[in-house]
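Here is the structure we will look at, set down as structure tokens.
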Amino acid sequence: MTEKLNKEEKVEKLIELFSKHYPEPGTALNFSTPFELLIATILSAQTTDIQVNKVTEDLFEKYNTPGSMLQLSQKELENKINSIGLFRNKAKYILKTCKILLNDFEGEVPKTRKELMQLSGVGRKTANVVLANAFFKAAFPVDTHVFRVSARLGLSSGENVKRTEEELTDLIPKKYWIDFHHWLIDHGRAVCKAQNPDCENCFASGICSYYNN
DNA sequence: AACTCGGGGCA
DNA sequence: TGCCCAGAGTT
């Protein structure tokens, strides 16, 4: 039975299955510099990359550095991003982060998780997105869907976020990180839901630890 | 550990 | 129309 696949074989099989069923993995954040990715990722909490891209396309035209972003008052920034949720908090986080970048990091986005997490609105998941996608470091971003779905599939232990992050960082070929992240999210929302997962209609049930236990 | 922010997605 | 949330900060 396919259930006896080891984790590496499971990942291979999943990439095959995901590619087939989700041929277009969720839209990724648009960015052209580490700073833009940092801001876009802060904005992406509790919303979709598509919504973020709608906002940043215009925003980054003029405001793509900490210094230029700080030309905006909090109210002005709020008005530019108010089509996405939590916009007041996010405007506050972004302006505070820009000040910290100028004061403590010479206006550059830091390249370590510890430093990134000193910024406002930047937790472990956001820090990892920046580390992985702007600086090509080994740090798989783990959000709630990734945590739950990868644990159910048997790719991670499900102990905690930090452990899951280490497990997926080692397990998933880096080439597939962005796609795999979106696949797990898409699958987590559509099928492998937190409550009442739709296992009967899941194409991965044959190799899923949760389903086979 | 629980509460808060919020427009979008989805039933 | 109502419920839940593609996190992080605060209390």
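Just so it is clear: chains get the letters A, B, ... in the order the sequence lines come, proteins before strands, and each one is counted from 1. Small disclaimer: the values here were computed from a predicted structure and weren't measured.
Distance A:Asn196 CG to B:dA11 P: 13 Å, rounded to the nearest Å. Between the P atom of C:dC3 and the CD atom of A:Gln195 lies a distance of 14 Å, rounded to the nearest Å. Across the protein-nucleic acid pair, A:His181 atom NE2 and C:dG7 atom P stand 7 Å apart, rounded to whole Å. A straight line from OH of A:Tyr93 to C1' of B:dG6 spans 12 Å, rounded to a whole angstrom. In this structure, NE2 of A:His145 is placed 14 Å from P of B:dG9, rounded to the nearest angstrom. We find that CD1 of A:Ile42 is positioned 18 Å from C1' of B:dG6, with the value rounded to whole Å. Between the CG atom of A:Leu116 and the P atom of C:dA8 there is a distance of 12 Å, given to the nearest Å. A straight line from CG of A:Asp198 to C1' of B:dA11 spans 14 Å, rounded to a whole angstrom.
For B:dA2 and C:dC5, the P atoms lie 15 Å apart once the distance is rounded to whole Å. Taking atom P in both B:dC10 and C:dG7, the straight-line distance is 15 Å, to the nearest Å. Comparing the P positions of C:dT1 and B:dG6 gives a spacing of 23 Å, expressed to the nearest Å.
Of the side-chain N and O atoms in A:Gln46, none sit less than 4.0 angstrom from OP1 or OP2 of B:dG8. Within the 4.0 Å cut-off from OP1 or OP2 of C:dA8, at least one side-chain nitrogen or oxygen of A:Thr126 is found.
Judged purely by atom type and a 3.5 angstrom limit, A:Arg148 uses its side chain to pair as donor or acceptor with the backbone of A:Cys192. For the pair A:Thr97 (side chain) and A:Ser120 (backbone), a donor-acceptor distance under 3.5 Å is present. With hydrogens and angles ignored, the 3.5 Å screen pairs a side-chain donor or acceptor of A:Lys90 with a backbone N or O of A:Leu43. Counting only distance, with no hydrogens or angles, the side chain of A:Trp183 and the backbone of A:Tyr22 share a donor-acceptor pair below 3.5 Å.
Each of A:Met117 and A:Arg148 has a nearest nucleotide on DNA chain C; the 5'-most of these lies closest to A:Arg148. Each of A:Gln51 and A:Thr47 was assigned the nucleotide of DNA chain B with the nearest heavy atom; the assignment lying further toward the 5' end belongs to A:Thr47.
Ring pair A:Phe18/A:Phe180 is perpendicular by interplanar angle, where above 60° counts as perpendicular and below 30° as parallel.
A heavy atom lying under 4.0 Å from DNA chain B marks the following residues of residues 75-92 of chain A, by number: A:Asn82, A:Ser83, A:Ile84, A:Gly85, A:Leu86, A:Phe87, A:Arg88, A:Asn89.
Within the 4.0 angstrom heavy-atom criterion, no nucleotide atom of any strand lies near A:Val52.
The shortest side-chain heavy-atom distance between A:Val142 and A:Asn128 does not fall under the 4.5 Å cut-off. Between A:Val122 and A:Tyr93, every side-chain heavy-atom pair lies at or beyond the 4.5 Å cut-off.
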